[in-house]
Structure formats: C-alpha cells, structure tokens
2 protein chains.
Amino acid sequence: MEDKNYSEKDLSELIKCLKVIGEPKRIMLLDKIISGVQCNCELGSSLQMAANLTSHHLSILKDSGLINSERDPVDGRWIYYSINLEAMQDMKSALNSFFDEKRIHPRRLSCGPQTEEKNILDVLNFK
Amino acid sequence: MEDKNYSEKDLSELIKCLKVIGEPKRIMLLDKIISGVQCNCELGSSLQMAANLTSHHLSILKDSGLINSERDPVDGRWIYYSINLEAMQDMKSALNSFFDEKRIHPRRLSCGPQTEEKNILDVLNFK
DNA sequence: AATATAATTCAATTTATATTGAACTATTAA
DNA sequence: TTAATAGTTCAATATAAATTGAATTATATT
C-alpha cells in the first residue's frame with residue numbers, strides 16, 4: 001500500500017522555512033512588514049532592537065525568499081522590505097499539505113507486544 | 001482607520017508553536033507520527049537518534065499540546081504518540097490567519113524622505 | 001569636499017538549547 | 001525475586017545562533 005508520505009525534498013524545504021520563521025524576532029518582523037512597517041529603522045525601533053540586529057534578521061528572511069527589498073527611488077539611503085506574496089503562498093500550501101488531516105495514518109503495528117489481537121488489527125489496519 | 005493587526009496574544013501563541021516546530025528533528029518526528037510511526041523506539045531508530053533524545057523532543061511536542069501519548073493496554077511498557085487533531089487544526093488556522101493575504105498592508109509612509117510626492121501618496125494610501 | 005544618515009558587515013561574546021552519557025522509573029517476563 | 005525492556009530524567013557538554021559594539025558601505029546633504 002502506498003504511503004501518503006511527504007517527500008524528502010518537500011520536508012527539507014519545509015524545515016528550512018520553519019527554521020526561519022521559528023525565531024520569535026523574525027516572525028515579529030514579518031508581522032510588522034505585512035502590516036506596512038517596512039524600513040529597517042522603524043522595524044527596529046518598533047521591536048526595540050538595534051539596527052544591526054534588525055539587518056541580520058532581515059537578511060535571513062531575505063535569503064529565504066520570504067521578503068523583498070528595494071531602495072527608495074527618491075532617497076536611496078532608505079530600503080523598504082515587503083512580503084513576497086508568492087513565497088508566502090507557497091509556504092502556506094507547504095504547511096497545509098504537511099498538516100493535512102488526510103495524511104494522518106493509524107499506528108503501524110511494527111512496535112508493541114506480539115499478540116493475536118495485534119496481528120488481526122494489523123491486517124484490518126484498525127486504529 | 002482600523003489595522004488588520006494580529007493580536008498580541010495570537011502572535012505570542014503562534015511564536016510558541018513555531019519555536020516547537022521550528023526545530024528540524026521535531027518536525028521530522030511529527031512527520032513520522034502523522035504517518036503512523038508512534039513508539040519512542042521506532043521513532044528514534046527511524047531518525048537515528050538516541051532514545052533519550054527522542055524522549056526529550058517528544059516531551060516538548062507533548063507540552064505544546066501537538067501530540068498525545070498513551071500506554072499500550074496489553075503491555076504498559078510501550079507508549080504510543082499520536083497527533084492531536086484539534087491542536088493541529090488550531091495551529092493551521094493560526095498560520096493561515098497570520099499569513100492571510102488580506103492582512104498585507106501597503107507601506108506606511110512614516111519612514112523615508114519628506115517630499116511633496118510622499119505626502120500625496122500617503123493620503124492616497126498608494127503603494 | 002566634508003559631513004550626516006540609513007543600513008550592512010565583521011568579529012567577539014553571550015545565550016539558548018540540542019545532544020550525550022549515566023542513572024532512574026515503570027512495567028513485564030523468566 | 002531477579003532480570004530484562006521501554007522509556008524518562010538528570011547533569012554535563014557541545015553547538016548553533018542570537019546579540020552586541022565597532023567599523024564599513026552607500027547614498028544624500030551642506
């Protein structure tokens with residue numbers, strides 16, 4: 001019988017992504033960026049973190065592809081960060097696939113005591 | 001104008017949750033549990049980790065509410081872990097709310113150079 | 001040309017937490 | 001009643017990564 005396994009590749013992609021958003025300051029930064037606060041200085045001050053630390057976390061978010069950056073066309077000293085819509089949607093669908101109820105499989109009976117009962121249940125694939 | 005802000009409480013719940021699943025071994029454990037591998041020994045051996053380390057990560061998953069545990073009714077030495085469906089669904093909806101496209105707000109213009117252009121754009125709430 | 005500003009980069013330090021090994025608990029089997 | 005098995009707990013160590021401060025880059029202003 002074929003398992004509804006998440007592919008190794010999908011899983012390693014998901015792991016990378018979750019490591020990025022698993023850091024509290026980064027999810028807080030994403031929250032601000034999504035809600036329209038988008039330059040380093042305001043992001044940092046609104047979360048009470050130093051500019052260099054803000055830069056550090058923003059660069060990790062940027063490397064992951066979750067956010068974009070662009071310089072102000074009028075005054076190039078300012079850089080604005082914004083959410084990458086497509087990356088965000090890809091991430092959501094990866095998460096929803098991973099945590100899909102249909103993937104939930106009853107316990108495989110390779111572990112546990114060897115009993116008649118067990119073997120019957122195994123055949124029936126019963127939880 | 002009212003912001004579509006994620007509440008502080010929702011955000012701190014989400015952060016807790018993401019810290020738990022942001023650790024690679026734990027998402028790998030969840031993957032195995034979801035797909036039906038559910039005792040410590042098999043979970044550990046399938047991911048090549050020591051039993052005590054498996055225990056450690058399982059206890060963090062358990063504390064988060066994402067998984068349940070129960071002893072084998074026939075042989076109480078065996079403990080089986082399973083996904084907590086409700087917790088999983090709550091987490092998914094928290095993630096989907098956080099990453100809701102409708103929350104995406106264009107850049108607030110409190111940062112950046114002071115120009116006529118800017119003020120006009122600000123009033124128009126234009127990206 | 002010299003100075004100021006927004007942001008980044010680099011090196012050093014700190015902190016959190018994953019990992020390891022040993023001892024322990026709970027349960028079952030001999 | 002002794003030994004074996006599945007799993008947990010504890011203390012110590014190792015590792016990864018967050019944080020900090022100083023120096024640097026890129027751009028704009030005076």
Side-chain angles (χ1 to χ4, degrees), chain A residues 15-16 18-29 32-33 37-64 67-82 107 109-115 117-118, chain B residues 15-16 18-29 32-33 37-64 67-82 107 109-115 117-118:
Chain A
I15 284 172
K16 271 189 228 164
L18 287 173
K19 279 180 73 169
V20 171
I21 65 172
E23 155 44 56
K25 295 246 162 69
R26 286 197 286 267
I27 206 77
M28 291 191 255
L29 282 169
K32 296 291 179 188
I33 291 170
V37 179
Q38 302 178 350
C39 68
N40 186 314
C41 65
E42 275 204 342
L43 287 167
S45 69
S46 72
L47 295 172
Q48 308 191 298
M49 50 201 287
N52 58 352
L53 184 55
T54 309
S55 256
H56 167 71
H57 287 303
L58 287 173
S59 82
I60 290 172
L61 286 166
K62 181 100 190 290
D63 289 347
S64 80
I67 62 174
N68 304 123
S69 68
E70 57 177 342
R71 282 189 186 271
D72 186 303
V74 173
D75 183 340
R77 286 173 301 182
W78 301 74
I79 296 175
Y80 305 124
Y81 291 91
S82 55
R107 177 166 70 86
L109 299 175
S110 39
C111 256
Q114 297 297 327
T115 63
E117 176 198 15
K118 170 187 156 169
Chain B
I15 285 171
K16 270 189 229 164
L18 287 173
K19 279 181 72 169
V20 171
I21 64 172
E23 156 40 59
K25 294 248 162 69
R26 286 196 286 269
I27 208 75
M28 290 191 253
L29 281 169
K32 293 293 179 188
I33 291 171
V37 178
Q38 303 178 349
C39 65
N40 186 314
C41 65
E42 276 204 341
L43 287 167
S45 69
S46 71
L47 295 172
Q48 307 190 298
M49 50 201 287
N52 57 353
L53 183 55
T54 310
S55 254
H56 166 71
H57 288 303
L58 288 172
S59 82
I60 289 174
L61 287 166
K62 182 101 190 287
D63 290 347
S64 79
I67 61 174
N68 304 122
S69 68
E70 58 177 340
R71 281 189 186 271
D72 186 302
V74 173
D75 182 340
R77 286 173 301 181
W78 301 75
I79 297 176
Y80 305 124
Y81 292 91
S82 55
R107 179 166 69 87
L109 299 175
S110 40
C111 256
Q114 297 297 325
T115 64
E117 175 200 14
K118 170 188 155 165

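Letters go in sequence order (proteins before strands), and every chain restarts at 1.
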Inset, instruction - Answer with yes or no whether the side chains of B/Asn68 and B/Tyr81 bring together a donor and an acceptor at under 3.5 Å. - result: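 Short answer, no.
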
Inset, instruction - Return yes if a side-chain donor-acceptor contact under 3.5 Å exists between A/Lys16 and A/Ser64, otherwise no. - result: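 A/Ser64 and A/Lys16 do not have a side-chain donor-acceptor pair below 3.5 Å.
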
Legend entry - A/Ser110 versus B/Glu42, closest heavy-atom pair with distance: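 So the two residues come closest at OG-OE2, 2.7 Å.
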
Take the protein atom [atom1] of [X] and the nucleotide atom [atom2] of [N], then report the distance between them rounded to whole Å.
X: A/His56; N: D/dA16; atom1: NE2; atom2: P; result: 15 Å
X: A/Leu58; N: D/dA18; atom1: CG; atom2: P; result: 13 Å
X: A/His57; N: C/dT9; atom1: NE2; atom2: P; result: 15 Å
X: A/Gln48; N: D/dA18; atom1: CD; atom2: C1'; result: 17 Å
X: A/Lys16; N: D/dA16; atom1: NZ; atom2: P; result: 17 Å
X: A/Ile60; N: D/dA16; atom1: CD1; atom2: P; result: 15 Å
X: B/Lys19; N: D/dA16; atom1: NZ; atom2: C1'; result: 14 Å
X: B/Leu53; N: D/dC10; atom1: CG; atom2: P; result: 17 Å

Nucleotides 23-27 of chain D: which of its N/O atoms have a protein N/O under 3.5 Å away?
| unit_1 | atom_1 | unit_2 | atom_2 | d |
| --- | --- | --- | --- | --- |
| D/dT27 | O3' | A/Gly76 | N | 3.4 |

Legend entry - SG-SG distance B/Cys111 to A/Cys39 under 2.5 Å: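 Their SG atoms fall under 2.5 Å; a disulfide, then.
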
Inset, instruction - Find the partner of D/dT30: check Watson-Crick (N1-N3 plus N6-O4 or O6-N4) and G-U wobble (N1-O2, O6-N3) distances, both under 3.5 Å, and reply none if neither fits. - result: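 Partner of D/dT30: C/dA1.
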
Inset, instruction - From the options C/dA18, C/dA7, D/dG7, select the nucleotide whose nearest atom is closest to the side chain of A/Tyr81. - result: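 Ranking C/dA18, C/dA7, D/dG7 by closest atom to the A/Tyr81 side chain puts C/dA7 first.
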
Inset, instruction - Among the candidates C/dA7, D/dA6, D/dA18, find the nucleotide nearest to the side-chain atoms of B/Trp78. - result: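 So the nucleotide nearest the side chain must be D/dA6.
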
Legend entry - Result of checking B/Val20, B/Ile21, B/Leu58 against B/Arg26 for side-chain contact (heavy atoms from CB on, under 4.5 Å):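 Of all the options given, the one that passes is B/Val20.
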
Inset, instruction - Can you check whether any acceptor in the base of D/dG7 is under 3.5 Å from a donor in the side chain of B/Asn52, or vice versa? - result: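 No.
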
Legend entry - Donor-acceptor contact present, side-chain B/Gln38 to main-chain B/Ser82, <3.5 Å: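 Checking the backbone N and O of B/Ser82 against the side chain of B/Gln38, no donor-acceptor pair under 3.5 Å is found.
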
Legend entry - Closest-nucleotide 5' rank along DNA chain D - winner of A/Arg26 and B/Ala51: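 Taking each residue's closest nucleotide, the earlier one in sequence belongs to B/Ala51.
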
Inset, instruction - Please identify each residue that fulfils side chain to side chain donor-acceptor pair (under 3.5 Å) with B/Arg71, with sequence neighbours left out. - result: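 Result, side chain to side chain donor-acceptor pair (under 3.5 Å) vs B/Arg71: none returned.
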
